[in-house]
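Computed over heavy atoms, backbone and side chain alike; hydrogens, waters and symmetry mates excluded. Proteins get letters first, then strands, A, B, ... in listed order; numbering begins at 1 in each.
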Number of protein chains: 2
Amino acid sequence: MMQASATTEQEAPSARQQAVLDAVLGLMVEDGEQLTMDAVARRASCSKETLYKWFGDRDGLLTATVRWQASRVHAGHDAAQVLDGATLRERLQDFAVTWLEVITGPTSVALNRIAIAHAGSHKSNLGGIVLANGRFAIGERVKPVLEAGRAAGLLTFADSEAAFRTFFGLVGRDIQIRLLLGETLDFDGAEIRRDAGRAVEQFLALYGQAKPDPNHQD
Amino acid sequence: MMQASATTEQEAPSARQQAVLDAVLGLMVEDGEQLTMDAVARRASCSKETLYKWFGDRDGLLTATVRWQASRVHAGHDAAQVLDGATLRERLQDFAVTWLEVITGPTSVALNRIAIAHAGSHKSNLGGIVLANGRFAIGERVKPVLEAGRAAGLLTFADSEAAFRTFFGLVGRDIQIRLLLGETLDFDGAEIRRDAGRAVEQFLALYGQAKPDPNHQD
DNA sequence: GGCGTACCGTACCGTACGGTACGCTCTCTA
DNA sequence: TAGAGAGCGTACCGTACGGTACGGTACGCC
């Protein structure tokens, strides 16, 4: 039988399966509604039976889709150990820009909507997957940079998790929730860069050594 | 005929109607799923026919429920014109605590989930209502305080909207998205107060004048 | 060629749920 | 005390959708 290969196992989906998952993403983004098995089969030019053979059930298909999208996001990585102030600022700026680009993208909005709706009360938490590959993944990438900044005497904080969460808040502010709730704010690259720059400066003002900043308990 | 009274009109729902809407909220919170018209009727001990007569259709019922919940949140208001540093800090702390209590509450989580799912692609945007009564309502309440703080020489900023958004980000950070995606973080009052205090101090560090109150650590 | 496998397309089934119809009871008013 | 109306409970209808079955086609292998 050997079904549900892309769900139970972590094996990468085949090229054909990837095409199916891309069809799902396409439907999520542009349609938003009628994300139905029939619609997926039609869009991907495959039979529903194949869908069920490959992904088990609708939930499995959704889960595989979320994983598939997540697997693309992990790109660009880190190798700088020695940090000076300019490099630190630049690294943080990069993270902020990347993050803003992700959360303002239509795919992220659609996927988060699905996952949140799902989280209401269901099996197989898509929410956990989205969280693991979004918020937590970027946290794990930012925190080493923060710690390197601390090691270089550029930043001061006790808890890198807490510092990261502040960074996260300064970058994202109300943007994600507004988008999820249906507001149409459109950002061009320039605005994102400006926003990211503001967040980085604010973060450095709070945690940087340059300023006297005795008040953050956590 | 004269149906859909609680939907098309802004009239407050009758006591019986309020009970129905509370039943909807109850279902949303504890069940999360099977928010079906039958379930509502059963829970509220009313007939489906009455539901349709009062609220038009399922969407109308949801809209009325969101409005009903929103109508309760607006409480406590503002009258202090003359601000000193301690009062400003206290007001901001109050806002932060209130906001954190709201967004961590199960009702808010459930309601936002519904609204976000709805925002995917639908008529009658619940998202807009939630946004108007959540994020924007608190913005309209905080901004005058910020402006009073600026008038009193306690804060420096050009754009009160931008300042508020930073405050919003510092308070909420990643909490709302994590809750919406199904993570179970539980906050007690103490933790919320501590969190709110941290956010306020950070905000004042960013926007406060160089010499704030000497006695800030309460 | 014959056979198995993989897959497409489509018809089909069962059920959940939005929405409607109808009978019954209770209350209010004349 | 009779009639009207509001509203409860329940049976019912139509449809959308998750999931299954099955025939048909292409392709590899013996």
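In this structure, E49(A) and M37(A) both approach DNA chain D, and ranking their closest nucleotides by distance from the 5' end singles out M37(A). If R16(A) and D38(B) are placed on DNA chain C by their nearest nucleotide, the residue sitting closer to the 5' end is R16(A).
From the 5' end on, the contacts that DNA chain C makes with chain B at under 4.0 Å to a non-hydrogen atom open and close at dC17(C) to dC22(C).
The ring pair (Phe, Tyr, Trp, His ring centres under 6.0 Å) contacts involving residues 173-198 of chain A comprise nothing, where partners must be two or more places apart or lie in separate chains.
Distance CH2 (W54(B)) to C1' (dA6(D)): 9 Å, rounded to an integer number of Å.
With sequence neighbours left out, the side chain to side chain contact (heavy atoms under 4.5 Å, CB included) criterion links E101(B) to V97(B), I192(B). Every residue two or more places apart in sequence or in another chain that forms a side chain to side chain contact (heavy atoms under 4.5 Å, CB included) with A119(B) is listed here: R113(A). With sequence neighbours left out, the side chain to side chain contact (heavy atoms under 4.5 Å, CB included) criterion links R135(A) to L131(A), E161(A), F164(A), R165(A), F168(A), D174(B), R178(B). E49(A) meets the side chain to side chain contact (heavy atoms under 4.5 Å, CB included) test with S47(A); sequence neighbours excluded.
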